[in-house]
Amino acid sequence: MSHETKALFIIFGATGDLAHRKLYPAIYELYKKGYLSKSFAVIGTARREWSDDYFQEVVRDSIADGIESEEHAKEFSTHFRYQSHNVKDTAHYVTLKKLADELDEEYGLEGNRIFYLSMSPSFFGTITSHLKAQSLATDEGFNRVVIEKPFGTDFESSKELNDEINSSFAEDQLYRIDHYLGKEMVQNILALRFSNPLLENSWNKETIANFQVTLSEDLGVEERGEYYDKSGALRDMVQNHVLQVVGMLTMNRPDSFTPEDVRREKLAIIESLKTPVVTQDETTDFVRGQYSDSSDQKVKAYRNEDKVDPESLTETFVAGQITIDTDEWRDVPVYVRTGKRMAEKLSRIDIVFKETTSDLFNDSPSTLTIFINPDQGVELVINNKKIGPGMDLEPMKLASLRSKETLKNSPEAYEKLILDVLNGDETHFAHWGEVAESWKYVDQIRQTWDSFEDHIPFYPALSVGPAEANQLLERNGHHWVYTAE
């Protein structure tokens, strides 16, 4: 039996899509594995008028695919209560506190509380100040606040939001969730780098030609058109997921795997990013794009999506060359790209090593690929002598991909991150310093793009993006390893 943590979860936005798809299944998995047992409870709050019975039914529906038995699911759902709630109404917090105290007593939770804010960031400050003022935050147990992205829309708004939350909760009580940091192969980056002398001794500017980070989605904006048209790929993906991955790929070895040490090294990288050159010609470090109709006309253009401005200049694709302005990495470009309606859904990192300087062989560069999803694993492509006379070379793949069975039984990102919150482990959450520096970097690109005239490059839906993304690499004599062919 795993070690059980006692806690009361209060989920703001309990009727939403994220709660249904991710949070309830994740909490159920922790229950199945014994991390939660008899001593836990969940209060769901939102504007809708739901009864406890109906809420418990919704929870059972959300976990239906993974239940041990109907009886087990029913027992789990009895720990859930619902309260209709207006986040701006003080009286509602008084009622919420009464229910929270009753459940604390009933389940012996010792004042441990996790407040999960699965709502629009515009409510974060209001909710946290009420939690403090109406004493929902307890004195005897731990109080942890989990915050979903987006954390602001630029540096100024994120700082305002942070200051607002900090007036009620300390930094070490805040867990800014970035589900990419919960992914198994993202967490594996540091293990691969620092536990294998073969890799650690090769992870430097003498050996590596460039890094490539590709986070591509085959879906469009779906029902998020209104949000996405104000956000775009730069804010939605680069400021958080992409820059977090870049930090892990290039940070120095931490003294330990404590949150403080890991964050210190990651922050040092994000602080040292060179100001990007953003122009409308080939000297630019960042290019953008927007998907048009697919070549077979079966997928509609972004501008034709529901709740999107028909003349929108919002980017659904970003590619960039990031320069880390340190002696160690200044000459090693980090190429990144992310987009919607790409050829396929995948996340991968390609580390391209330099070719040999020897005249003995006509070799191609070796590459190490870290597959994040849907495949998980590692592949190393090295040069190998072709069978037969002479010394001609061909690429040879050494690959270890996790089996479908292993993937099926692996914990999902939200399960791992919620367990980290229960354990008070902040290693895989974004610290304010990282968030602030990431926004400062991204704001420079955003402001320049906003000043450009009415033009954005287009790419056919279900392709690998606009031609400009290839030119970004070609000018340095590089090319994308992944081409979807």
Side-chain angles (χ1 to χ4, degrees), residues 155 178 180-181 186-194 199-215 233-235 237-255 261-279 283-287 318-338 347-354 365 367-370 372 430-446 448 469 472-481:
F155 171 68
D178 181 335
Y180 258 79
L181 298 184
V186 173
Q187 295 187 358
N188 202 10
I189 293 170
L190 301 186
L192 285 169
R193 285 187 59 192
F194 299 123
L199 289 180
E200 187 169 16
N201 295 333
S202 311
W203 212 275
N204 53 54
K205 63 181 177 184
E206 278 74 37
T207 315
I208 293 177
N210 64 80
F211 294 97
Q212 301 181 14
V213 178
T214 300
L215 309 181
L234 186 69
R235 288 184 176 125
M237 294 291 284
V238 178
Q239 181 272 331
N240 38 67
H241 309 325
V242 170
L243 291 181
Q244 285 287 334
V245 170
V246 170
M248 295 175 90
L249 282 174
T250 55
M251 64 187 253
N252 288 337
R253 172 194 269 274
D255 293 337
D261 287 346
V262 172
R263 284 170 165 181
R264 185 182 308 114
E265 298 303 342
K266 213 180 341 160
L267 179 58
I269 290 295
I270 299 173
E271 284 178 333
S272 65
L273 300 182
K274 187 179 179 187
T275 301
V277 174
V278 185
T279 64
T283 63
T284 191
D285 287 337
F286 271 82
V287 300
V318 176
Q321 174 180 327
I322 294 174
T323 303
I324 297 159
D325 207 2
T326 63
D327 291 342
E328 180 57 63
W329 293 120
R330 191 171 293 115
D331 301 325
V332 182
V334 183
Y335 300 116
V336 302
R337 61 180 166 172
T338 180
S347 300
R348 61 184 274 166
I349 297 161
D350 296 289
I351 297 102
V352 182
F353 294 93
K354 292 182 176 176
T367 56
L368 173 69
T369 299
I370 300 171
I372 299 170
H431 184 266
W432 165 242
E434 298 162 42
V435 173
E437 292 303 317
S438 300
W439 272 125
K440 286 178 189 172
Y441 182 78
V442 160
D443 284 351
Q444 300 170 99
I445 304 164
R446 177 80 273 150
T448 310
L472 207 58
L473 278 68
E474 286 161 5
R475 68 184 186 199
N476 297 329
H478 299 145
H479 64 272
W480 293 108
V481 175

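Pairing each heavy atom of Ile269 with each of Gly247, the nearest pair is CG2-CA, 4.0 Å. The minimum heavy-atom distance between Ala209 and Val332, with the atom names listed, is O-CG1, 3.8 Å. In terms of heavy atoms, Pro254 sits closest to Phe194 at CD-CE1, 3.9 Å. The nearest pair of heavy atoms linking Trp480 to Ala319 is CZ2-CB, 4.5 Å. Smallest separation of non-hydrogen atoms from Ala430 and Val435: CB-CG2, 3.9 Å.
Not a single donor-acceptor pair under 3.5 Å links the side chain of Thr214 to the backbone N or O of Arg348. Judged purely by atom type and a 3.5 angstrom limit, Gln212 uses its side chain to pair as donor or acceptor with the backbone of Val481. Not a single donor-acceptor pair under 3.5 Å links the side chain of Asn476 to the backbone N or O of His478. At least one donor-acceptor pair closer than 3.5 Å links the side chain of Lys354 to the backbone N or O of Lys205. Judged purely by atom type and a 3.5 angstrom limit, Gln187 uses its side chain to pair as donor or acceptor with the backbone of Leu181. Within the 3.5 Å criterion, the main-chain N or O of Thr207 finds a donor-acceptor partner in the side chain of Asn204. Looking only at distances, a side-chain donor or acceptor of Thr279 sits under 3.5 Å from a matching main-chain atom of Thr284.
Using a 4.5 Å heavy-atom cutoff, the side chains of Arg235 and Val238 are not in contact. Contact annotation: the side chain of Leu273 approaches that of Ile324 to within less than 4.5 Å [non-hydrogen atoms, C-beta and beyond]. In this structure, Val442 and Leu243 have side chains that are in contact, with non-hydrogen atoms separated by less than 4.5 Å. The closest side-chain heavy-atom distance from Asp285 to Ile445 is not below 4.5 Å. At a threshold of 4.5 Å between non-hydrogen side-chain atoms, the residues Arg253 and Glu200 count as touching. With contacts defined as side-chain heavy-atom distances shorter than 4.5 Å, the pair Tyr180/Asn240 does not qualify. Within the 4.5 Å cutoff, side-chain heavy atoms of Leu215 are placed close to those of His241.
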Stepwise side-chain contact (heavy atoms from CB on, under 4.5 Å) test for Val245 and Phe211:
CA-CA 11 Å; Val245 170; Phe211 294 97; over 6 Å; no
For the pair Tyr441 and Ile270, evaluate side-chain contact (heavy atoms from CB on, under 4.5 Å) and give the outcome as yes or no after the intermediate values.
CA-CA 8 Å; Tyr441 182 78; Ile270 299 173; 5.8 Å; no
Test side-chain contact (heavy atoms from CB on, under 4.5 Å) on Asp261 and Arg264 and set out the steps.
CA-CA 5 Å; Asp261 287 346; Arg264 185 182 308 114; 2.8 Å; yes
Between Asn210 and Tyr335, is a side-chain contact (heavy atoms from CB on, under 4.5 Å) present by the stated rule, with each step listed?
CA-CA 7 Å; Asn210 64 80; Tyr335 300 116; 3.7 Å; yes
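Looking only at atom types and distance, the side chain of Glu328 has no donor-acceptor partner in the side chain of Asn252 under 3.5 Å away. There is a side-chain donor-acceptor pair under 3.5 Å between Asp350 and Thr369.
For the pair Lys274 and Asp331, the salt-bridge criterion is not met [side-chain N within less than 4.0 Å of a carboxylate O]. Between Arg446 and Asp443 there is no salt bridge, since no side-chain nitrogen of the basic residue lies less than 4.0 Å from a carboxylate oxygen of the acidic one.
Interatomic distance, CD of Glu434 versus CD of Gln239, reported as 10.5 Å (0.5 Å rounding). Interatomic distance, Phe286 CZ to Gln444 CD, rounded to the nearest 0.5 Å: 10.0 Å. Note that CD1 of Ile322 is 14.0 Å distant from CH2 of Trp329, once rounded to the nearest 0.5 Å. Interatomic distance, Asp325 CG to Thr275 OG1, rounded to the nearest 0.5 Å: 8.5 Å. Taking CE of Met251 as the start and CG of Leu190 as the end, the distance is 5.0 Å to the nearest 0.5 Å. Distance check: Thr250 OG1 to Arg193 CZ gives 7.0 Å after rounding to the nearest 0.5 Å.
When the salt bridge (Lys or Arg N to Asp or Glu O under 4.0 Å) test is applied to Glu474, no partner is found at least two apart in sequence or on another chain.
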